[in-house]
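Have a look at the structure below before the remarks.
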Amino acid sequence: MADSRDDLAESLQNLFTSVSSMVKSELQGTNNHLDLLEKMNQRVASEYDDMGDVAAGLRVFAEQMKSKSGGLDEFVGQMDAIEKQVSEFEAVISVLDRYVSVLESKIRAEYRHHHHHRRSNDSVCTD
C-alpha cells in the first residue's frame with residue numbers, strides 16, 4: 001500500500017513538474033512576445049518621432065515658401081504692371097503707325113497731284 005502511495009505521489013509529482021514546466025515555458029513564450037511587442041513599439045515610436053521631425057521640417061519649409069511667395073506675388077504684380085504698360089505702349093505705337101501711314105498716303109497723293117499738276121503746266125507752257 002505504501003508503494004502504491006509512493007507511485008501515486010511520484011506520478012503526481014511528475015504531473016505537477018510537467019504542468020509547472022509547461023506553464024513556465026508558456027509564460028516564457030508570452031514574455032518573449034511581450035519583449036518583441038515592446039521592441040516593435042519602440043521602433044514605431046522612433047519612426048513616428050522621425051516623421052514628426054520631417055513634419056516640423058516641412059512646416060518650416062512651407063512657411064519659408066509662403067514668405068517667398070509673398071515676395072513672388074509682389075514680383076508677379078510688378079510684371080503684370082509692366083506688361084500692362086507694354087500693352088498700352090503697343091496700342092499707342094499702333095495708333096502712331098496708322099497716323100504715319102495716313103500722313104504718308106496724303107503726302108504721296110499731294111506729291112502726285114503736285115507733280116502731275118506741274119507736268120500739265122509744263123506741257124501748257126511749251127505748247
Side-chain angles (χ1 to χ4, degrees):
M1 188 118 184
D3 280 347
S4 63
R5 275 193 182 163
D6 285 346
D7 286 346
L8 182 61
E10 193 178 329
S11 293
L12 284 173
Q13 184 62 41
N14 288 341
L15 177 65
F16 285 130
T17 302
S18 296
V19 167
S20 173
S21 25
M22 188 179 77
V23 168
K24 204 182 276 182
S25 72
E26 191 71 31
L27 288 173
Q28 187 59 49
T30 302
N31 204 29
N32 290 345
H33 280 94
L34 289 173
D35 285 347
L36 179 63
L37 194 61
E38 184 182 2
K39 285 178 184 165
M40 288 170 67
N41 281 339
Q42 287 171 348
R43 177 65 191 265
V44 168
S46 162
E47 286 187 21
Y48 275 130
D49 283 347
D50 292 347
M51 286 181 194
D53 292 345
V54 169
L58 286 174
R59 196 171 296 118
V60 168
F61 179 73
E63 290 299 320
Q64 288 173 346
M65 292 308 289
K66 201 182 291 179
S67 69
K68 283 182 184 173
S69 83
L72 192 62
D73 289 346
E74 186 180 328
F75 179 71
V76 168
Q78 291 172 354
M79 291 299 290
D80 286 345
I82 290 169
E83 192 176 329
K84 185 179 176 196
Q85 288 174 349
V86 167
S87 296
E88 290 169 359
F89 188 60
E90 286 173 340
V92 168
I93 288 173
S94 177
V95 167
L96 288 175
D97 193 39
R98 274 182 268 146
Y99 181 70
V100 166
S101 294
V102 168
L103 281 180
E104 284 177 347
S105 298
K106 284 183 178 180
I107 289 170
R108 277 194 201 108
E110 192 65 34
Y111 177 76
R112 275 194 223 113
H113 177 69
H114 185 68
H115 191 65
H116 180 67
H117 186 64
R118 256 178 103 190
R119 278 186 152 176
S120 58
N121 281 345
D122 287 349
S123 57
V124 170
C125 292
T126 55
D127 286 345

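- At a threshold of 4.5 Å between side-chain heavy atoms, the hydrophobic network of Ile, Leu, Val, Met, Phe, Trp and Tyr places Tyr99 and Val92 in two separate groups.
- For the pair Asn14 and Glu10, the minimum side-chain heavy-atom distance is below 4.5 Å.
- Taken to the nearest 0.5 Å, the CG atom of Leu96 stands 10.5 Å off from the OG atom of Ser101.
- Here Glu47 pairs with Arg43 under the salt bridge (Lys or Arg N to Asp or Glu O under 4.0 Å) rule; sequence neighbours left out.
- Contact annotation: the side chain of Met22 never approaches that of Ser18 to less than 4.5 Å [non-hydrogen atoms, C-beta and beyond].
- Placement of Leu8 and Phe16 within a single hydrophobic cluster is found when ILVMFWY residues are connected by side-chain heavy-atom separations under 4.5 Å, directly or transitively.
- To the nearest 0.5 Å, the span separating CG on Leu37 from CD on Gln42 amounts to 10.5 Å.
- Partners of Asn31 according to the side chain to side chain donor-acceptor pair (under 3.5 Å) rule, which considers only residues two or more places apart in sequence or in another chain, do not exist here.
- Atom CD1 in Ile82 sits 6.5 Å away from atom CD in Gln78 (nearest 0.5 Å).
- Within 6.0 Å of the CD atom in Glu26, the count of heavy atoms belonging to other residues, nucleotides or ligands does not exceed 12.
- In Glu83, the CD atom is not crowded: 12 or fewer heavy atoms of neighbouring residues, nucleotides or ligands sit closer than 6.0 Å.
- Note that the NZ atom of Lys24 and the OG1 atom of Thr17 stand 9.5 Å from one another [nearest 0.5 Å].
- Evaluation of the side-chain contact (heavy atoms from CB on, under 4.5 Å) rule for Val23 yields Val19, Leu27 as partners, not counting sequence neighbours.
- With values rounded to the nearest 0.5 angstrom, Glu90 atom CD is found 12.5 Å from Asp97 atom CG.
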